[in-house]
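None of the values given here were measured: they were computed from a predicted structure. Residues take their numbers from the sequence shown, with the count starting at 1.
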Amino acid sequence: MAAKTKTETPEQFVGSVFKFSISTFATMGILGLSMILTGTLIEPAVNGQVDLFVGYTNTIMTIAILGLDQIFIRFYHEPPGGLSKKGLFRVCFFFSGLVLVAVGVLCSTLLVDVIHGAIGFSVIGRQAVPMLFLNALFFMAIRYFIVLYRMEMSIKTYT
């Protein structure tokens with residue numbers, strides 16, 4: 001006897017899509033509200049520096065993650081080399097985190113003046129450089145856990 005395959009009705013599919021879209025709409029609302037508030041409550045010069053900081057942070061995180069978040073997604077259901085799903089998560093997160101921390105330490109000690117001069121922060125001093133890398137590490141952790149919860153189909157945790 002052939003095993004019965006699980007089929008999803010169109011209604012179930014739409015419901016599943018909607019469940020995972022809740023966080024997208026919540027994020028859109030929060031970002032929209034924060035843009036309105038920061039645009040009215042914070043001086044444009046300071047707000048520009050904050051946007052610049054977030055942009056640099058996101059760029060650093062994107063480069064340092066080395067595409068391992070996508071590798072985690074690709075191999076989640078078929079982990080290579082006898083790894084478990086959690087083992088694959090740890091390897092990807094640890095390796096990209098290690099790269100980010102190593103580059104952050106290098107840039108925050110030996111290259112701090114060069115990088116601070118290049119990024120052009122006028123509101124924050126040299127301490128902006130290590131804060132960029134620390135913030136990028138937090139961005140990276142959030143990215144990995146969002147991907148993990150989505151792959152686990154944990155809608156409540158993901159949202």
Side-chain angles (χ1 to χ4, degrees), residues 1-38 49-112 115 118-119 121 124 127-159:
M1 219 181 246
K4 224 179 189 181
T5 59
K6 183 179 174 183
T7 58
E8 193 172 46
T9 66
E11 293 82 12
Q12 289 171 325
F13 175 73
V14 170
S16 182
V17 168
F18 179 72
K19 288 176 186 174
F20 278 102
S21 297
I22 292 171
S23 67
T24 303
F25 291 114
T27 301
M28 182 180 67
I30 291 168
L31 286 175
L33 181 61
S34 70
M35 287 171 55
I36 292 168
L37 289 175
T38 57
Q49 294 285 304
V50 171
D51 286 343
L52 196 60
F53 184 85
V54 171
Y56 282 132
T57 295
N58 200 12
T59 302
I60 291 167
M61 184 272 304
T62 303
I63 293 168
I65 212 163
L66 304 171
L68 291 174
D69 58 334
Q70 300 304 309
I71 289 172
F72 176 67
I73 292 169
R74 162 59 184 94
F75 291 108
Y76 179 79
H77 294 291
E78 302 165 356
L83 286 171
S84 66
K85 292 175 181 180
K86 290 184 188 255
L88 178 64
F89 175 82
R90 284 191 300 270
V91 167
C92 292
F93 183 73
F94 176 77
F95 187 67
S96 54
L98 183 67
V99 168
L100 179 60
V101 168
V103 172
V105 167
L106 176 72
C107 291
S108 298
T109 56
L110 302 177
L111 303 172
V112 68
I115 293 177
I119 59 179
F121 285 132
I124 311 173
Q127 68 270 22
V129 176
M131 287 191 314
L132 276 171
F133 286 93
L134 183 61
N135 201 38
L137 184 64
F138 293 143
F139 271 35
M140 180 183 289
I142 290 168
R143 170 72 181 144
Y144 270 110
F145 281 102
I146 285 172
V147 169
L148 174 66
Y149 297 144
R150 179 173 267 189
M151 295 305 293
E152 288 178 342
M153 301 296 285
S154 177
I155 295 170
K156 287 181 182 179
T157 311
Y158 170 74
T159 301

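- Side-chain contact between F138 and L134 is present, with heavy atoms from C-beta onward closer than 4.5 Å.
- Between S34 and L37, every side-chain heavy-atom pair lies at or beyond the 4.5 Å cut-off.
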* Would you please test L68 and I71 for side-chain contact (heavy atoms from CB on, under 4.5 Å) and show each step? => CA-CA 5 Å; L68 291 174; I71 289 172; 3.6 Å; yes

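- The distance from the CZ atom of F133 to the CE atom of M140 is 10.5 Å, given to the nearest 0.5 Å.
- Tested against K85 for a side chain to side chain contact (heavy atoms under 4.5 Å, CB included), the candidates H77, R90, E78 yield a single pass: H77.
- Here F145 contributes atom CZ and E152 contributes atom CD; the two are 10.0 Å apart, rounded to the nearest 0.5 Å.
- Of all heavy-atom pairs between F53 and A128, the closest is CE1-O, 4.0 Å.
- Minimum heavy-atom separation, A136 to I60: CB-CG2, 3.8 Å.
- Residues S84 and G87 come closest through the heavy atom pair OG-N, 2.9 Å.
- Ring geometry for Y76 against F72 counts as perpendicular: the plane angle is over 60°, on a 0 to 90° scale with 30° as the lower cut.
- Expressed to the nearest 0.5 Å, how far CZ of F139 lies from OG1 of T59 amounts to 10.0 Å.
- Between L88 and P80 the shortest heavy-atom distance is CD1-CD, 4.3 Å.
- Atom CE of residue M35 and atom CD1 of residue I30 lie 14.0 Å apart, to the nearest 0.5 angstrom.
- Distance CE/M61 to CG/D69: 7.5 Å, rounded to 0.5 Å.
- Here the closest non-hydrogen pair linking V105 and T109 is O-OG1, 2.7 Å.
- Interatomic distance, CD1 of I115 versus CG of L132, reported as 8.5 Å (0.5 Å rounding).
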* Could you please spell out the steps behind the side-chain contact (heavy atoms from CB on, under 4.5 Å) verdict for V50 and T38? => CA-CA 10 Å; V50 171; T38 57; over 6 Å; no

* Hey, mind stepping through L52 and I119 against side-chain contact (heavy atoms from CB on, under 4.5 Å) and telling me if it holds? -> CA-CA 8 Å; L52 196 60; I119 59 179; 5.8 Å; no

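- Side chain of Q12 to backbone of T9: a donor-acceptor contact under 3.5 angstrom is found.
- Listed here is the closest heavy atom pair of C92 and Y144: O-OH, 3.1 Å.
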